[in-house]
4 protein chains.
Amino acid sequence: MAKLKKTSANPRKAPAQDRSRATVDVILDAAARILVKGGYAAFTTNRVAETAGVSVGSLYQYFPNKESLLGELMRRHVEELERGMVAITADAAKRPLAETIRALIEDNVRAHLVDPALHQVLSEEVPRLGPLDWRIAYGSRAAMRVRAALETRRSELAVGDLDLAVYLVTGAVESAIHDAVADRPDDLRSGALTEELTRMIVGYLTGKPLSARRSLRAAAE
Amino acid sequence: MAKLKKTSANPRKAPAQDRSRATVDVILDAAARILVKGGYAAFTTNRVAETAGVSVGSLYQYFPNKESLLGELMRRHVEELERGMVAITADAAKRPLAETIRALIEDNVRAHLVDPALHQVLSEEVPRLGPLDWRIAYGSRAAMRVRAALETRRSELAVGDLDLAVYLVTGAVESAIHDAVADRPDDLRSGALTEELTRMIVGYLTGKPLSARRSLRAAAE
Amino acid sequence: MAKLKKTSANPRKAPAQDRSRATVDVILDAAARILVKGGYAAFTTNRVAETAGVSVGSLYQYFPNKESLLGELMRRHVEELERGMVAITADAAKRPLAETIRALIEDNVRAHLVDPALHQVLSEEVPRLGPLDWRIAYGSRAAMRVRAALETRRSELAVGDLDLAVYLVTGAVESAIHDAVADRPDDLRSGALTEELTRMIVGYLTGKPLSARRSLRAAAE
Amino acid sequence: MAKLKKTSANPRKAPAQDRSRATVDVILDAAARILVKGGYAAFTTNRVAETAGVSVGSLYQYFPNKESLLGELMRRHVEELERGMVAITADAAKRPLAETIRALIEDNVRAHLVDPALHQVLSEEVPRLGPLDWRIAYGSRAAMRVRAALETRRSELAVGDLDLAVYLVTGAVESAIHDAVADRPDDLRSGALTEELTRMIVGYLTGKPLSARRSLRAAAE
DNA sequence: AATGAATGAGTATTCATTCAT
DNA sequence: CATGAATGAATACTCATTCAT
């Protein structure tokens with residue numbers, strides 16, 4: 001049960017001053033390192049503080065509670081996930097659908113390969129943080145963006161319920177890539193997974209399958 | 001003292017006697033109820049025992065540790081998930097691919113609608129249990145079964161790397177349905193999600209899209 | 001603190017019947033085996049019963065509590081220690097002091113080499129059992145016997161306070177041999193320790209040292 | 001998570017600060033009081049903390065586990081036992097053997113009369129602590145020191161195997177005095193036990209008995 | 001007599017959080 | 001602002017003992 005004592009999961013203050021910013025970063029780095037190395041079980045506030053080289057007191061100066069530390073870590077990760085997506089969806093109207101979709105998938109793969117271990121722990125071991133949880137926030141924001149992008153090329157779509165289709169598609173991409181980080185790292189890095197995902201998604205959305213063979217080229221043309 | 005590495009996540013003894021069986025069930029019921037109601041945080045051995053109306057001692061008579069309680073709960077859930085799959089994949093050779101796939105998806109949806117709240121908590125909040133974790137065991141077993149089923153209809157397939165395709169497809173189905181339990185219960189119950197998923201998967205695997213409109217009928221013919 | 005709930009540390013009944021006797025023995029054997037193998041930490045009533053192949057209930061039929069199990073084990077050990085001593089002290093009047101003393105020491109060594117591991121655990125790990133503890137009972141009984149034996153040869157003694165001397169001597173012998181079981185097993189088996197102890201004790205009691213070299217022979221003549 | 005095998009039986013940190021030192025002392029005092037009053041059975045970490053007037057948390061701040069509490073208590077006791085012995089053995093070469101031996105025994109008696117109840121509990125009831133146990137460490141260190149002392153006066157010795165003799169002698173002295181704390185406190189305080197022990201040991205080691213009557217004087221001359 | 005399921009008080013230990021310095 | 005000593009509620013698990021069958 002998510003027991004939020006404080007408004008929680010948000011940094012206590014905007015890190016305006018330099019020293020503050022530095023301290024916050026040092027703490028978050030330590031937190032990430034600990035999570036990656038020892039999993040959520042090793043993630044204790046005292047240890048984070050010690051590893052960061054600050055006192056627990058200082059940690060609590062910047063983060064009202066343990067949860068907020070995780071929250072910030074997640075926020076940063078989502079930022080990374082969203083950075084590219086914003087740019088790509090912005091250009092959706094100018095490009096064929098297939099191209100946009102492939103770009104989105106490629107970018108998601110790229111983002112998942114940044115500190116994959118941390119990403120892993122964050123989504124697998126860390127208990128849910130209530131409505132502030134990144135998975136929820138990110139999921140729906142991503143869906144909105146993708147929906148908007150798809151709507152700019154409505155004519156190419158062959159789906160009935162666009163909402164449902166977007167939900168399906170974003171979920172499938174995110175989860176496939178996420179799981180592949182652990183299960184199929186080679187296919188992820190080689191582009192094989194991107195290729196297959198793209199074929200699956202584009203085929204589904206447009207009703208016109210990219211031929212397995214020509215898809216890469218086709219999308220580029 | 002011989003410190004037996006507790007082969008955790010397995011019930012301590014086969015519940016042979018009637019009283020024993022009853023106790024085991026009463027405990028598992030209580031465990032499930034607590035998980036659903038209060039999440040993993042509320043899941044303490046003492047509370048489970050109390051809720052079950054037995055002593056902690058009794059709980060530990062049947063489950064060597066907390067983990068094993070979760071393990072058994074998971075085992076039962078997986079059993080539910082697998083029951084139908086085995087039957088369906090067994091008949092794969094006799095039916096068109098689309099039909100088998102739709103059946104698998106429908107069955108998975110059905111299984112997810114049995115005690116969905118418990119299913120949810122089990123996969124989202126409960127920390128990973130090592131190699132005994134059902135997610136790992138189940139995932140790969142399911143993939144194997146599906147692969148075998150698809151191979152009986154190789155000629156209908158239009159994918160290069162079958163392994164990768166199976167990985168993608170089973171993961172996408174499982175995660176889409178799983179997420180929809182929480183996010184889109186109506187689409188799940190109405191069959192809309194099943195429909196879309198089937199179209200996506202069949203289209204991807206065969207290279208020949210089911211038309212959105214005629215898909216249901218088509219699959220049946 | 002020794003918390004005796006029952007009159008404790010005595011077997012509940014004289015094992016008269018054959019089946020009873022057999023059960024008692026089977027339980028004590030199991031208890032001894034467990035103590036030797038796993039130390040006092042492994043010594044739980046349930047495990048003893050299981051190892052013995054009887055139910056806990058049966059164990060409690062014959063032993064009112066855990067303590068009494070240990071008590072009986074100790075009683076048997078003391079019996080072993082005392083068996084020889086009685087015979088030897090009985091003949092004390094007929095023999096030179098040195099001979100009696102050597103005989104007592106030799107017999108004590110012999111007794112300590114019977115199941116030394118059990119002996120060890122019993123005296124080192126097992127918590128004190130109150131006034132019923134064998135160490136106390138045995139210690140004073142042994143002292144009494146030795147005192148009586150020495151008094152039959154008073155003329156050979158060169159000590160002032162005989163009581164104190166006996167206390168010193170019995171304690172020294174017992175503890176030296178006991179420790180040597182663990183620390184100097186070779187000297188114990190070779191007879192070297194017996195030799196030295198005899199020299200020390202005889203010298204102390206008679207005021208006339210046995211020469212190191214001739215002591216063995218001298219005692220025998 | 002990195003599970004550091006706690007190098008138990010050592011204080012967690014050097015008690016540098018004043019407040020820390022005070023807390024440590026207050027905890028150890030409480031621990032000693034509880035052991036003396038209620039024996040090892042009453043010795044629970046929670047009770048120690050409560051008696052000390054600190055929280056369990058604080059206890060664990062300074063002692064990584066229960067064992068380490070006992071370890072420190074033992075360490076301090078051994079310190080007491082060794083303090084005098086070092087000084088006495090250092091001067092062994094300058095003095096007749098008898099004098100050194102008597103001094104060692106007297107000092108051991110003195111040390112055993114400091115908080116004898118605690119000493120008692122520590123050696124009788126407290127379970128062995130592995131290689132960190134003071135009994136082992138102290139025993140062999142003491143033997144080494146005594147051996148060195150005796151070797152400075154080799155010419156006065158009439159023993160064959162010095163190692164064995166030292167083992168015998170240190171064990172006998174330690175155990176006799178130790179037992180006498182409980183069994184013969186009057187003889188211990190009056191010096192009678194010291195006297196007899198000295199006669200026994202000196203006689204054994206030198207082969208020339210101190211006459212019972214003149215021994216005190218003789219040793220002094 | 002024998003069984004073994006059930007009991008539940010008791011224990012060591014952790015860790016998020018506070019607050020006096 | 002920073003420190004880190006102190007807090008104490010909470011938790012998993014054990015085991016001697018009982019008693020209904």
Side-chain angles (χ1 to χ4, degrees), chain A residues 3 5-6 17 19-20 23 41-50 53-69, chain B residues 6 13 15-24 41 43-50 53-67 69, chain C residues 3 5-6 17 19-20 23 41-50 53-69, chain D residues 6 13 15 17-20 22-24 41 43-50 53-67 69:
Chain A
K3 237 183 206 173
K5 285 181 185 169
K6 306 260 159 136
Q17 285 76 32
R19 187 144 63 117
S20 298
T23 304
F43 186 71
T44 70
T45 51
N46 282 287
R47 199 194 303 237
V48 169
E50 195 190 17
V54 304
S55 66
V56 230
S58 288
L59 186 156
Y60 276 88
Q61 194 86 46
Y62 296 104
F63 300 92
N65 50 42
K66 198 186 180 181
E67 232 174 341
S68 66
L69 244 178
Chain B
K6 293 183 187 172
K13 55 169 68 177
Q17 283 75 34
D18 274 0
R19 189 148 58 126
S20 298
R21 168 117 62 187
T23 304
V24 165
F43 186 72
T44 70
T45 53
N46 284 289
R47 200 191 308 241
V48 169
E50 193 188 21
V54 304
S55 65
V56 230
S58 286
L59 188 156
Y60 278 91
Q61 191 114 63
Y62 298 103
F63 300 92
N65 49 45
K66 200 185 177 181
E67 225 176 347
L69 247 178
Chain C
K3 239 184 205 172
K5 286 182 186 169
K6 307 259 157 138
Q17 285 75 33
R19 187 145 63 117
S20 297
T23 305
F43 186 72
T44 71
T45 51
N46 283 286
R47 198 195 300 239
V48 169
E50 194 189 18
V54 303
S55 65
V56 229
S58 288
L59 188 158
Y60 276 89
Q61 195 85 46
Y62 295 104
F63 299 91
N65 50 43
K66 198 187 182 181
E67 232 175 340
S68 66
L69 245 178
Chain D
K6 293 183 186 172
K13 56 168 70 175
Q17 283 75 33
D18 273 1
R19 189 147 60 127
S20 298
T23 303
V24 165
F43 185 72
T44 70
T45 52
N46 283 287
R47 199 192 308 240
V48 168
E50 194 189 20
V54 304
S55 65
V56 231
S58 287
L59 188 158
Y60 277 90
Q61 191 112 61
Y62 296 104
F63 300 91
N65 50 43
K66 199 186 178 180
E67 227 176 343
L69 246 177

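Note on naming: letters A, B, ... go to the chains in the order of the sequence lines (proteins, then strands), and numbering restarts at 1 for each one. Nothing here was measured: the structure is a model prediction, and the numbers come from that model.
When every heavy atom of C:L59 is checked against every heavy atom of C:A49, the shortest pair comes out as CD1-N, 3.9 Å. Across all their heavy atoms, D:Y60 and D:N65 have their closest contact at CE2-CA, 3.9 Å. Contact record, B:T44 with B:K66: CA-CE, 4.5 Å, taken as the closest heavy-atom pair.
In this structure the side chain of B:F63 never reaches within 4.5 angstrom of the side chain of B:T45, judged on heavy atoms.
Looking at DNA chain F, the stems built from 3 or more consecutive Watson-Crick or G-U wobble pairs, each pair with its key distances under 3.5 Å, are E:2-21 with F:2-21.
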Dump every N/O contact between nucleotides 9-12 of chain E and the protein below 3.5 Å, one line per pair.
residue, atom, partner, partner atom, Å
E:dA12, OP1, D:K66, NZ, 2.6
E:dA12, OP2, D:T45, N, 3.1
E:dA12, OP2, D:T45, OG1, 3.3
E:dA12, N7, D:N46, ND2, 3.2

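D:S58 is linked by a side chain to side chain donor-acceptor pair (under 3.5 Å) to D:S55, counting only residues two or more places apart in sequence or in another chain.
Look at CD on C:Q61: it is 14 Å from P on F:dC19, rounded to the nearest Å. Atom OH of C:Y62 is separated from atom C1' of F:dA16 by 20 Å (rounded to the nearest Å). When the C1' atom of F:dA12 is taken as reference, atom CG of B:L59 falls 10 Å away, rounded to whole Å. Between the P atom of E:dG4 and the CZ atom of B:R21 lies a distance of 18 Å, rounded to the nearest Å. Remark: C1' of F:dC15 and CG of C:L69 are 14 Å apart, rounded to the nearest angstrom. Rounded to whole Å, atom P of E:dA2 lies 18 Å from atom CD of C:E50.
Taking for each of B:S58 and A:S58 the nucleotide of DNA chain F with the nearest heavy atom, the 5'-most of the two is the partner of A:S58.
In terms of phosphate contacts, B:S55 brings no side-chain nitrogen or oxygen within less than 4.0 Å of OP1 or OP2 of E:dG8.
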